[in-house]
Amino acid sequence: MPQPIKKAVIPVAGLGTRFLPATKAVPKEMMNIVDRPMLQFIVDEALEAGIEHICFVTGRNKQVIEDYFDTAFELEATLEARGASKKKILDEVRAQTPRAGSMTFTRQQAPLGLGHAVWCARDVVGDEPFAVLLPDMLMSGETGCLKQMMDVYEATGGNIVSVEECLPEEADKYGIVSIATREDTHFEITGMVEKPEKGTAPSNFFLNGRYILDNSVMQKLTTQEPGAGGEIQLTDSMLALMGDQSFYGVPFAGETYDCGNKMGFVTANIKMALKDTDIGDGVRALIASVN
Ligand code: G1P
């Protein structure tokens, strides 16, 4: 059995410039999908996969994330005083509060790239293998993406990344992997490149924001030189590990919404609203009536 994955890193230091002016005051990760912040979906996905401790790598003006995951005493007392009519929502609010001591917040003091953000969590992660979840990518499936990856990890060990196919003309926006033999649920990865020049991508499979990584990637990150976009890239440190360790790609069975851009964010809102038991039918009727 490979060593269990108990810790996850969620980098939330990004400035969210694509969502200005909203992100002047609200971290993009706290923007709503129907009735909850995007970040709640990511945390739920991590917990479903068996994660016991989450390290958020934050930045300036992100304090509201910490408050969100704290007990809201006044709110709960008020809901409680209102009795039966507020019982359901009170239970939901309480269920969303994490187990005491199960979250850590550390800061990335300068925007030096995803690799650097992950490296900022090294002391919290310690010497265990760990997961990384990028909060822009909202994954919706019967089984969560990280859980699907964990199921493969239990059989293969090593490093696991989630992948999916993109349009060839969009490959330069992502980390792209080279693939070898394909099994039912996963395939072996033989290389990867961050934001390849147009027309040079080794495949259409891109890294869609979920990783299970051996701890030695932290050592690689310690000395990682800046790569694409002048940033310290996680992809480059994974590539550096590839000579010594196995990497597997797991194509995610479900839908991914890239909430890092407006179209993906609005799509996620519409799709999640359609699935909502309270408003789904109303939203369906609304869409049908729009011409
Ligand atoms: C990051 C990763 C990239 C991955 C992408 C998914 O890029 O570096 O490999 O494909 O997330 O969203 P970023 O979106 O931060 O430029």
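Since the structure is predicted, the reported quantities are computational estimates derived from the model, not experimental observations. Residue numbers run from 1 in the order of the sequence given. Atoms within each ligand, like the ligands themselves, are counted from 1 in listed order.
Within a 6.0 Å radius of CG in D67, more than 12 heavy atoms belonging to other residues, nucleotides or ligands are found.
Between G175 and ligand 1, at least one pair of N/O atoms sits closer than 3.5 Å.
A salt bridge is defined here as a Lys NZ or Arg NE, NH1 or NH2 lying under 4.0 Å from an Asp or Glu carboxylate O, and K88 with D91 fails to meet this definition. For the pair E92 and R36, the salt-bridge criterion is met [side-chain N within less than 4.0 Å of a carboxylate O].
Ranking protein heavy atoms by distance to atom 2 (C) of ligand 1, first place goes to E194 OE2, 3.6 Å. Ranking protein heavy atoms by distance to atom 10 (O) of ligand 1, first place goes to L207 O, 2.6 Å. Of all protein heavy atoms, the one closest to atom 11 (O) of ligand 1 is L134 CD1, 3.4 Å. Protein heavy atom closest to atom 7 (O) of ligand 1, with residue, atom name and distance, is K195 NZ, 3.4 Å.
The ligand atoms of ligand 1 that sit less than 4.0 angstrom from a heavy atom of T235 are 9 (O).
Judged by distance alone, the side chains of T156 and H186 never bring a donor and an acceptor atom under 3.5 Å apart. Judged by distance alone, the side chains of H116 and E231 never bring a donor and an acceptor atom under 3.5 Å apart.
Closest of all the heavy-atom pairs between M272 and Y257 is CE-CE1, 4.0 Å.
Counting heavy atoms under 4.0 Å from ligand 1, residue Q233 touches it through the side chain alone.
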